[in-house]
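Take a look at the structure set out below.
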Amino acid sequence: MDLNSDLGEGFGAWKMGDDEAMLDIVTSANIACGFHAGDPSVMRRVCELAAERGVAIGAHVGYRDLAGFGRRALDIAPDALADEVLYQIGALDAFARAAGSRVTYVKPHGALYNTAAVDPEQAAAIVAGLRRYDPALALLCLPDSEMQREAEKAGVVAYAEAFADRAYTADGKLVSRKKPGAVLHDPDAVAERAIGMATGGVVTEDGSKLDVRPDSLCVHGDTPGAVELARRIEAALTAAGVQLGAFTG
């Protein structure tokens with residue numbers, strides 16, 4: 001099982017999360033590419049830290065929305081979105097290669113992730129941008145989403161992820177962050193959910209059981225107490241006999 005986190009989300013003097021500590025725990029790092037967060041110096045530093053630790057590097061592409069941290073849906077034409085995805089992958093891969101590594105997968109961020117999960121045009125644009133850079137790159141996305149379907153149609157390998165620190169709707173979507181309880185903070189509860197997800201199921205917001213078969217589990221780097229949550233997840237999965245390793249390894 002892969003354990004991933006959204007990292008490199010600082011910008012200039014603005015700090016976000018503890019990238020160095022998280023990189024001692026996770027097996028894959030979704031690194032911001034400058035559109036929703038991240039600047040050249042942050043991208044370089046986090047790529048170097050990931051490369052030193054043997055952590056897989058993914059391009060965490062988003063809408064061009066620094067002010068909204070990429071969590072506001074934007075009305076953008078598919079062709080323009082494909083170009084912006086290509087641009088972001090190329091920028092991050094330059095830093096990854098300078099650090100002796102490379103980008104091996106793409107994961108959309110925030111509003112782009114949620115929109116492309118249900119919008120086939122946005123999903124196809126993400127896949128098109130990925131393929132223009134390197135069709136061998138993988139896509140990390142929600143299972144049974146438009147992103148997964150568009151990737152499969154284009155011959156791009158898609159890996160399914162689940163969110164140990166997020167609440168789910170009965171139809172397998174993430175509960176909106178605008179709703180109370182959408183983000184989970186209790187380490188015991190998050191660790192328990194991680195084990196359930198790794199072995200096939202998770203309880204949704206209405207109390208029903210959702211069957212999930214993720215290749216990767218995500219813990220958000222900007223969640224308060226994220227490092228402790230990640231450590232607890234790692235320990236719980238190891239104790240349950242789940243071996244951790246990058247899905248693109």
Side-chain angles (χ1 to χ4, degrees), residues 4-9 28 30-38 57-93 103-163 166-179 182-183 210 212 214-216 218 220 222 247-248:
N4 79 78
S5 187
D6 304 340
L7 302 177
E9 293 186 319
S28 295
N30 322 311
I31 301 176
C33 303
F35 271 33
H36 77 276
I57 294 174
H60 201 30
V61 301
Y63 288 127
R64 191 194 297 261
D65 180 28
L66 283 172
F69 196 59
R71 287 184 174 153
R72 301 181 294 189
L74 300 183
D75 184 10
I76 178 171
D79 286 347
L81 178 58
D83 290 339
E84 295 198 345
V85 168
L86 172 61
Y87 181 99
Q88 292 176 80
I89 298 170
L92 186 68
D93 197 38
V103 169
T104 58
Y105 69 95
V106 173
K107 174 186 169 179
H109 164 82
L112 178 57
Y113 188 99
N114 292 331
T115 301
V118 297
D119 185 327
E121 283 195 337
Q122 296 272 287
I126 292 169
V127 172
L130 179 158
R131 290 188 74 254
R132 287 171 190 167
Y133 189 81
D134 183 356
L137 292 176
L139 179 68
L140 186 59
C141 60
L142 278 179
D144 193 32
S145 64
E146 292 299 332
M147 283 187 285
Q148 186 180 54
R149 283 185 276 276
E150 291 297 330
E152 290 172 351
K153 286 196 293 188
V156 170
V157 177
Y159 290 93
E161 74 169 333
F163 293 82
R166 291 293 306 275
Y168 277 77
T169 64
D171 63 353
K173 304 296 187 299
L174 297 178
V175 173
S176 170
R177 284 177 177 268
K178 297 178 182 178
K179 295 184 177 180
V183 181
L210 181 68
V212 293
D215 301 295
S216 181
C218 178
H220 288 89
D222 65 321
F247 64 91
T248 53

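When reading the values below, keep in mind they use all heavy atoms of this one structure, side chains included, and skip hydrogens, waters and symmetry mates.
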Any sub-3.5 Å donor-acceptor pair from His109's side-chain atoms to Phe69's backbone N or O?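 Yes.
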Is a side-chain donor or acceptor of Gln88 paired with a backbone partner of Gly62 at a separation under 3.5 angstrom? yes
Going by an N to O cut-off under 4.0 Å, is there a salt bridge joining Arg149 and Glu152?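 No, no charged N to carboxylate O under 4.0 Å.
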[atom2] on [Y] to [atom1] on [X], rounded to 0.5 Å:
X      : Y      : atom1 : atom2 : answer
Glu150 : Leu130 : CD    : CG    : 13.0 Å
Leu112 : Ile126 : CG    : CD1   : 4.0 Å
Asp75  : Tyr63  : CG    : OH    : 8.5 Å
Leu7   : Ile31  : CG    : CD1   : 6.5 Å

[X] versus [Y], closest heavy-atom pair with distance:
X      : Y      : result
Tyr168 : Leu210 : CD2-CD2, 3.9 Å
Val127 : Val156 : CG1-CG2, 4.0 Å
Ala32  : Leu92  : O-CD1, 4.3 Å
Thr115 : Ala73  : OG1-CB, 4.1 Å
Val103 : Ala59  : CG1-N, 3.9 Å
Asp119 : Glu121 : OD1-N, 2.9 Å

Listed pairs under 3.5 Å, donor-acceptor, residues 76-84 side chains, sequence neighbours left out:
| from | atom 1 | to | atom 2 | distance (Å) |
| --- | --- | --- | --- | --- |
| Asp83 | OD1 | Arg132 | NH1 | 3.4 |
| Glu84 | OE2 | Arg64 | NE | 3.4 |
| Glu84 | OE2 | Arg64 | NH2 | 3.1 |

State which residue, out of Asn4, Asp215, Leu139, fulfils the side-chain contact (heavy atoms from CB on, under 4.5 Å) condition with Tyr159. Asp215
Could you check His36, Arg72, Arg71 and say which one makes a side-chain hydrogen bond (donor to acceptor under 3.5 Å, both in side chains) with Asp65? Arg72
Among all residues two or more places apart in sequence or in another chain, which pass the side-chain hydrogen bond (donor to acceptor under 3.5 Å, both in side chains) test with Tyr113?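 Residues passing side-chain hydrogen bond (donor to acceptor under 3.5 Å, both in side chains) with Tyr113: Glu161.
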The criterion is side-chain hydrogen bond (donor to acceptor under 3.5 Å, both in side chains); which residues satisfy it with Tyr133, sequence neighbours excluded? Asp93
In sequence, state the C-alpha distance, the side-chain angles, and the governing distance for Leu142 and Phe163, and then conclude on side chain to side chain contact (heavy atoms under 4.5 Å, CB included). CA-CA 9 Å; Leu142 278 179; Phe163 293 82; 4.1 Å; yes
Does Glu146 form a side chain to side chain contact (heavy atoms under 4.5 Å, CB included) with Gln122? I'd like the steps, not just the answer. CA-CA 9 Å; Glu146 292 299 332; Gln122 296 272 287; over 6 Å; no
Can you confirm whether Arg131 is buried at CZ, in the sense that more than 12 heavy atoms of other residues, nucleotides or ligands lie under 6.0 Å from that atom?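 Count not over threshold, so no.
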I'd like to check Leu66 versus Phe35 (side-chain heavy atoms, cut-off strictly below 4.5 Å). Are they in contact? no
Verdict with reasoning, Lys107 to Cys218, per side chain to side chain contact (heavy atoms under 4.5 Å, CB included): CA-CA 11 Å; Lys107 174 186 169 179; Cys218 178; 3.4 Å; yes
